[in-house]
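The block underneath contains the structure these notes are about, expressed in structure tokens.
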Number of protein chains: 2
Amino acid sequence: MTARPIPEATVARLPVYLRVLVDLAGDGVETVSSEELAELAGVNAAKVRKDLSHLGSYGTRGVGYDVARLRLQMSRALGLVHTWPVVIAGFGNIGRALAKHEGFRERGFPVVAAFDVDPDLVGSTVEGVPVHHPDELTAVVAETGAAIGVIATPAAAAQQAADQFVAAGVRALLNFAPTVLTVPPEVSLRAVDLVVELQILGFHLAQTSEGARRGRRSAS
Amino acid sequence: MTARPIPEATVARLPVYLRVLVDLAGDGVETVSSEELAELAGVNAAKVRKDLSHLGSYGTRGVGYDVARLRLQMSRALGLVHTWPVVIAGFGNIGRALAKHEGFRERGFPVVAAFDVDPDLVGSTVEGVPVHHPDELTAVVAETGAAIGVIATPAAAAQQAADQFVAAGVRALLNFAPTVLTVPPEVSLRAVDLVVELQILGFHLAQTSEGARRGRRSAS
DNA sequence: TAGTGTGAATTTCTTCACAGCG
DNA sequence: CGCTGTGAAGAAATTCACACTA
């Protein structure tokens, strides 16, 4: 009776655990404790155990977790038994960098096509990735069986790209454009906004330098 | 008596509100309600009001928020009264894409230098960004007054880059390398891992296609 | 005995709902 | 009257602490 709903916070950490497990397996390690795994994943041991318990009971009391077994279960949970073809909308600096990025293919996310409005790019092939005009998006998604759409267009074009992906049946989107997208609830959407990340860091810089200038907080 | 500790969850949303406010100001809008702002930022109105209340009382009951005033307060909270110079360690696909990215300079985060071990790159200047050898990191950080370090090296070199940045006095890091970094508590660290993002999407794809295959969950 | 798995306590975040002000 | 600002309720995530077992 595996009552499934794995918490989102846990889901977001599973890929990190998986990466650590792959590294450990590569080093020939056969067993890890929650403590060791926590150290390597940058979290605490209680969280590791709680997270892993959502996948089932794959540990052995007094011993730890079998690396190979846990890795397999984790891969399965993350859907990595499949390969998920990725298509990229917008072939500017970021889109191109992603297309060239080897890590994606290696980890089961081959970039199979890209789209751009630039006539100089359309029809060309960059690092094995063919660049199409956005008009062909629906057809190319169908042909390639693309599962994930990456949006790397300018902000002004991002919602339209998202709409096209959704209309073409893509149910997972990764948005790099600096704008909020609206998609139907059955579509998974994640956003990576580089300027937002820098501004969050800026907030902390401002806080601490302000604190330094003005003196420490009052002790309670 | 402004008891400051703004919740992290709120801090992460402030940049999104700011972007919306800048857009609104550009459109000549002078006032927004929490409802409108919520719609544009992709959250709900109660959250907007609670978030903004942490900055102070900058709204007018019955009317809404003054766009210009709120924008100013938000910029101040995010430390955007300063410009924060950025340096990039690792000048591969991602590092280069970041260096070329116009949005950073425009929004107060000029990329002032990059580092790479590749002898063909060292000494060159790409899009106005000089590329140095990592040995010069401390000196260049001091000269440029860099406030934020971006790590775009291979995973194996990332911790060393982080250590060098920290030793040079950089107190904010943005890590793109697929590995967990350890830094002292006074250093702010954020991580962007593209493969992790794809794997999270993969999880949801696996869930929903599994659900579709196996039928709906039991009600109750 | 060492370390998992998990209820319970705690903290953090979100949402509700409404008093109060312009 | 309309909308903010906020206590209070609720939900989610984290952490504690320990019974249990390989």
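Protein chains get the first letters and strands the later ones, always in sequence-line order, with residue 1 at the start of each.
- At a cut-off of 3.5 Å, with distance as the only test, no side-chain donor of A/Ser188 or A/Arg171 sits close to an acceptor on the other residue.
- Of the candidate nucleotides C/dC13, C/dG5, D/dA13, D/dA13 has the atom lying nearest to any side-chain atom of A/Pro7.
- Residue B/Gln159 qualifies as enclosed at atom CD: its count of foreign heavy atoms under 6.0 Å is above 12.
- Remark: B/Asp66 does not engage B/Arg71 in a salt bridge, criterion side-chain N to carboxylate O under 4.0 Å.
- Atom OH of B/Tyr58 and atom C1' of C/dC21 are 19 Å apart (whole Å).
- The environment of CD in A/Glu39 is sparse: at most 12 heavy-atom neighbours from other residues, nucleotides or ligands sit within 6.0 Å.
- Heavy-atom neighbours of A/Glu35 CD from other residues, nucleotides or ligands within 6.0 Å: at or below the threshold of 12.
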Using atom types as modelled, flag every donor-acceptor pair under 3.5 Å from a side chain in residues 93-104 of chain B to any protein atom, sequence neighbours excluded.
from    : atom 1 : to      : atom 2 : distance (Å)
B/Arg96 : NH1    : B/Phe91 : O      : 3.2

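- The distance between atom NE2 of A/His54 and atom P of C/dG7, rounded to the nearest whole Å, is 12 Å.
- Put simply, the side chain of A/Asp193 never gets that close to the backbone of A/Glu197: no donor and acceptor are under 3.5 Å apart.
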Using a 4.0 Å heavy-atom cut-off, write out nucleotides 16-22 of chain D from 5' to 3' as B (base contacted by protein), S (sugar-phosphate only) or - (no contact). BB-BBBB

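- Distance B/Glu8 CD to C/dC13 P: 8 Å, rounded to the nearest Å.
- Here the P atom of nucleotide C/dT6 and the NZ atom of A/Lys47 are 19 Å apart, to the nearest Å.
- Within residues 20-29 of chain B, no residue has any heavy atom under 4.0 Å from DNA chain D.
- B/Leu52 has its CG atom 11 Å from the C1' atom of D/dG5, to the nearest Å.
- For the pair B/Pro134 and B/Gln164, the tightest heavy-atom approach, listed with the atom from each and the gap, is O-NE2, 3.4 Å.
- Across the protein-nucleic acid pair, A/Ile6 atom CD1 and D/dA13 atom P stand 12 Å apart, rounded to whole Å.
- Checked by atom type, the side-chain pair B/Glu186/A/His204 shows no donor-acceptor distance below 3.5 Å.
- The distance from atom CG of B/Leu70 to atom CG of B/Leu18, rounded to the nearest 0.5 Å, is 9.0 Å.
- With A/Arg19 contributing its side chain and B/Pro178 its backbone, the two residues share a donor-acceptor pair below 3.5 Å.
- Against DNA chain D, the stretch residues 9-16 of chain A makes heavy-atom approaches under 4.0 Å through A/Ala9, A/Arg13.
- Of all the residues in residues 64-79 of chain B, B/Gly64, B/Tyr65 reach under 4.0 Å from DNA chain D with at least one non-hydrogen atom.
- In this structure, the side chains of A/Val48 and A/Arg13 stay at 4.5 Å or more apart for every pair of heavy atoms.
- Looking at residues two or more places apart in sequence or on another chain, you find no ring pair (Phe, Tyr, Trp, His ring centres under 6.0 Å) involving A/Phe165.
- Counting only N and O atoms by type, the side chains of A/Tyr17 and A/Asp51 include a donor and acceptor under 3.5 Å apart.
- Contact annotation: B/Ser33 does not reach the phosphate of D/dC3 (side-chain N/O to OP1 or OP2, under 4.0 Å).
- For the pair B/Leu37 CG and D/dG5 P, the interatomic distance rounds to 12 Å; values are reported in whole Å.
- Rounded to a whole Å, the CG atom of A/Asp51 is 14 Å from the C1' atom of C/dT4.
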